[in-house]
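So the structure is just underneath, and the comments pick up after that.
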Amino acid sequence: MTKPLLIVGSDTGVGKTVLTAALAAYWLTYRDRNFSPNTPSTALGIYKPLQSGEGDREFYNQTFSLSQTLAEITPLYFETPIAPAIAAHKEGKAIDLGLIWQQFQKLQQQKECLLVEAMGGLGSPITDEYIVADLARDWHLDTILVVPVRLGAISQAIANVALATLQKVKLRGIVLSCSQIYTEEEIEQLAPPQMISRLTSVPVFGILPCIENLSDISQLAHAASDLDIERILV
């Protein structure tokens, strides 16, 4: 069994879902001996504790034919597509931390591989007094930080690693994510891996390329295989 892994971003819309999908595809393709494209996997679990508006849980369920209901993928769902903590207030609902913890424990016991996608970044609020970094620490989750290849990436990486250190998050490494096709020279100018690793004292496990078809499991798995995958899925 692999350790449960939290995928968190340096911000929203930076590639968390893409990396989660790529890791899921890699695990199904190369580690799940019983995987069949036409049969839901009972060994792989994907968990997004909270979600606002349609999106990730529906994508995961459709792409990977998971043996999980939408409620098992995401126990706390809000209709309003804004930060869950704010959406809960708007809809007159409560954020039940016990519920999402119990579902996590259940999946951890059932699945050989459990990927947990965070809501936004480490500093994103879950409640008025509880952020994603708190959850990562309290659940003892090994964490991968996704940083986008764009101007400001270095600063984002440094700030998020500083927060992870402050909150005692078990940050295993960083993955740089491309939202468009970049040359090696452009990547070095926008998000130089060696500089980011040196300034944060955290290893960069590779660069996730821009993936045209997120529903193509083979394309996703290939993208993941170019990362330092053995240090990510341990």
Side-chain angles (χ1 to χ4, degrees), residues 1-27 46-49 104 113-126 130-180 182-211 220 223-234:
M1 296 181 65
T2 61
K3 294 180 181 179
L5 183 67
L6 178 68
I7 295 93
V8 68
S10 59
D11 199 350
T12 57
V14 298
K16 296 188 311 297
T17 302
V18 179
L19 178 60
T20 304
L23 295 177
Y26 178 90
W27 197 89
I46 299 180
Y47 189 45
K48 182 158 188 175
F104 168 74
C113 177
L114 179 58
L115 302 172
V116 183
E117 184 188 346
M119 303 64 64
L122 283 170
S124 295
I126 297 176
Y130 199 75
I131 62 175
V132 170
D134 295 321
L135 181 146
R137 178 199 63 228
D138 293 346
W139 290 14
H140 304 287
L141 287 169
D142 284 14
T143 301
I144 299 294
L145 174 66
V146 181
V147 177
V149 174
R150 66 186 185 201
L151 193 63
I154 301 171
S155 177
Q156 282 194 358
I158 293 171
N160 276 270
V161 171
L163 177 57
T165 302
L166 179 67
Q167 296 292 86
K168 296 181 173 55
V169 174
K170 297 170 63 179
L171 187 58
R172 189 184 296 168
I174 295 170
V175 169
L176 302 176
S177 176
C178 298
S179 61
Q180 63 187 67
Y182 290 109
T183 64
E184 290 186 10
E185 181 180 1
E186 288 172 326
I187 292 172
E188 283 295 329
Q189 291 174 349
L190 295 171
Q194 291 186 351
M195 178 181 287
I196 289 174
S197 181
R198 185 169 60 250
L199 290 172
T200 61
S201 299
V202 174
V204 174
F205 289 155
I207 301 167
L208 190 67
C210 179
I211 301 174
L220 287 165
S225 68
D226 286 338
L227 304 174
D228 193 349
I229 195 69
E230 296 304 321
R231 296 178 69 187
I232 297 175
L233 294 177
V234 299

Contacts of Arg231 meeting salt bridge (charged side-chain N to carboxylate O under 4.0 Å, His left out) (sequence neighbours excluded), chain-then-number -> Asp228
- Query: Any donor-acceptor pair under 3.5 Å linking the side chain of Tyr26 with the backbone of Ile229?
  - Reply: no
task: Inspect the surroundings of CD in Gln194 and state if more than 12 heavy atoms from other residues, nucleotides or ligands are less than 6.0 Å away.
output: no
| message | With a sphere of 6.0 Å drawn around NZ of Lys170, does it hold more than 12 non-hydrogen atoms of other residues, nucleotides or ligands? | response | yes
The residue among Val14, Leu163, Ile174 that forms side chain to side chain contact (heavy atoms under 4.5 Å, CB included) with Leu145 is Ile174
Residue set satisfying ring pair (Phe, Tyr, Trp, His ring centres under 6.0 Å) with Phe104, at least two apart, ordered chain then number -> Trp101, Trp139
Minimal heavy-atom distance between Val116 and Pro49, with the atoms involved, is CG1-CD, 4.1 Å
Taking every heavy atom of Leu171 against every heavy atom of Ala164, the minimum-distance pair comes out as CD2-CB, 4.1 Å
Note to self: Is there a side-chain contact (heavy atoms from CB on, under 4.5 Å) between Gln180 and Glu186? Walk through the geometry before answering.
What the structure shows: CA-CA 11 Å; Gln180 63 187 67; Glu186 288 172 326; over 6 Å; no
Nearest heavy-atom approach of Lys16 to Gly120 is CD-O, 3.4 Å
All heavy atoms of Val147 vs all of Ala153, minimum pair found to be CG1-O, 3.7 Å
Sorted by chain and residue number, the side chain to side chain donor-acceptor pair (under 3.5 Å) partners of Ser124 (sequence neighbours excluded) come out as none
Q | Evaluation steps, side-chain contact (heavy atoms from CB on, under 4.5 Å), between Val146 and Leu208 | A | CA-CA 9 Å; Val146 181; Leu208 190 67; over 6 Å; no
- State whether the side chain of Ser197 and the backbone N or O of Pro193 hold a donor-acceptor pair below 3.5 Å, judged by distance alone. no
